[in-house]
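Source: prediction; values computed, not measured.
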Amino acid sequence: MSKTIGYARVSNKAQATDRQITDLIAAGVRRDDLYADHGVSGARAHRPALDLALQALEEGDTLAITTLDRLGRSTANMLDLATEMRRRQINLRVLNLGGGDVDTGTPMGAMAFTVMAALAQMELDIKRERIIDSVSKRRAAGRDLGGRRSTFTTSQIENARRLIEGGESATQVAKDLAMSRATLYRRIATIEAQHWISAQG
């Protein structure tokens, strides 16, 4: 008999998975079939509880999550997971995807997931094009890009981080921004530290 396994994740240990777990139980997941990662970034390819959940799933079973980003922040990683699950004939149920409950075990659910995944990849490509276009305009205007901290806004650096998490080469993203990879990583680390300090306050 097929079963449904629920997975919840929060990136910060100070956060709680209570709401996700409540929603998963309300959707029919047994408490004994719930797995949760605490303080684990969605950018990581391997997460302890998710790995255990995937090991527990068998052909015909369903993995339930509240939102698609619980599987990770990287579009490439999410699609890899979905492809692997499809290969193993395991269904994916997202309680809130595009405002609705989507189950890839149904024809409409499978189509909706494919469309949403394609839109997510398109959004990633558009952001990358904007960054490249911004750099090209600066170069055309003869402005010194040089990788100085004042050259790029926080938003541009965060977009660059999202591109890397989405599977883009860090070297190529840094090159598009006309800075070294080390400088880009330093800028990303600085911004993440600022976010953390703000969250603590």
Side-chain angles (χ1 to χ4, degrees), residues 1-13 15-130 158-159 161-169:
M1 181 177 177
S2 62
K3 62 181 178 295
T4 298
I5 285 179
Y7 173 69
R9 179 185 63 79
V10 287
S11 302
N12 191 317
K13 289 185 177 180
Q15 297 173 316
T17 55
D18 296 358
R19 177 59 185 274
Q20 295 177 54
I21 289 175
T22 298
D23 290 345
L24 289 167
I25 290 175
V29 179
R30 294 173 60 249
R31 189 170 289 277
D32 290 344
D33 291 326
L34 284 169
Y35 295 80
D37 275 316
H38 298 84
V40 179
S41 170
R44 289 176 54 182
H46 298 289
R47 283 143 277 167
L50 178 59
D51 290 344
L52 290 174
L54 292 173
Q55 289 173 18
L57 288 162
E58 299 176 353
E59 183 178 326
D61 289 346
T62 299
L63 176 66
I65 53 178
T66 54
T67 55
L68 190 57
D69 63 347
R70 294 307 87 197
L71 283 184
R73 291 186 299 180
S74 163
T75 302
N77 181 237
M78 286 188 285
L79 293 180
D80 286 344
L81 273 174
T83 299
E84 173 64 15
M85 290 169 64
R86 188 174 295 125
R87 184 188 67 78
R88 293 173 56 192
Q89 297 185 45
I90 295 169
N91 301 317
L92 175 64
R93 182 181 177 189
V94 186
L95 302 186
N96 184 11
L97 180 60
D101 186 333
V102 175
D103 186 343
T104 61
T106 66
M108 286 300 293
M111 183 182 74
F113 181 76
T114 300
V115 171
M116 293 297 290
L119 289 174
Q121 184 61 52
M122 182 177 71
E123 180 183 11
L124 195 67
D125 292 340
I126 290 173
K127 287 178 180 177
R128 185 170 190 272
E129 288 177 5
R130 285 175 179 168
E158 288 181 335
N159 280 338
R161 173 179 58 78
R162 282 190 284 270
L163 288 173
I164 294 171
E165 291 172 350
E168 294 288 342
S169 162

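In this structure, CD1 in Ile90 is found 10.0 Å from CG in Leu92, a value given to the nearest 0.5 Å. Put simply, OG1 on Thr106 and CZ on Arg93 are 10.5 Å apart, with the number rounded to the nearest 0.5 Å.
Applying the side-chain contact (heavy atoms from CB on, under 4.5 Å) rule to Ser169 yields the partners Thr171, Gln172; only residues at least two apart in sequence or on another chain are considered. Scanning for salt bridge (Lys or Arg N to Asp or Glu O under 4.0 Å) contacts around Arg88 gives an empty result, with sequence neighbours left out.
Between Leu24 and Tyr7, every side-chain heavy-atom pair lies at or beyond the 4.5 Å cut-off.
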Start with the C-alpha distance between Arg70 and Val94, add both sets of side-chain angles, then the distance that settles side chain to side chain contact (heavy atoms under 4.5 Å, CB included), and finish with yes or no.
CA-CA 10 Å; Arg70 294 307 87 197; Val94 186; over 6 Å; no

Please lay out, stage by stage, how Asp33 and Thr4 fare under the test side chain to side chain contact (heavy atoms under 4.5 Å, CB included).
CA-CA 7 Å; Asp33 291 326; Thr4 298; over 6 Å; no

Please evaluate residues Glu84 and Arg87 with respect to the criterion salt bridge (charged side-chain N to carboxylate O under 4.0 Å, His left out), reporting the C-alpha separation (whole Å), side-chain torsions for both, the decisive distance (0.1 Å), and the verdict.
CA-CA 5 Å; Glu84 173 64 15; Arg87 184 188 67 78; 2.6 Å; yes

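Considering Ile5, Leu34, Ile21 in turn, Leu34 is the only one that fulfils the side-chain contact (heavy atoms from CB on, under 4.5 Å) rule with Val29.
Across all non-hydrogen atoms, the minimal contact from Asn91 to Met85 is O-CE, 3.5 Å.
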Output side-chain donor-acceptor pairs under 3.5 Å for residues 52-66, partner residues at least two apart or in another chain, one line each.
| residue | atom | partner | partner atom | Å |
| --- | --- | --- | --- | --- |
| Asp61 | OD1 | Lys3 | N | 2.9 |
| Asp61 | OD2 | Lys3 | NZ | 2.8 |
| Asp61 | OD2 | Glu58 | N | 2.8 |

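In this structure, Asp37 contributes its side chain and Arg9 its backbone to no donor-acceptor pair below 3.5 Å.
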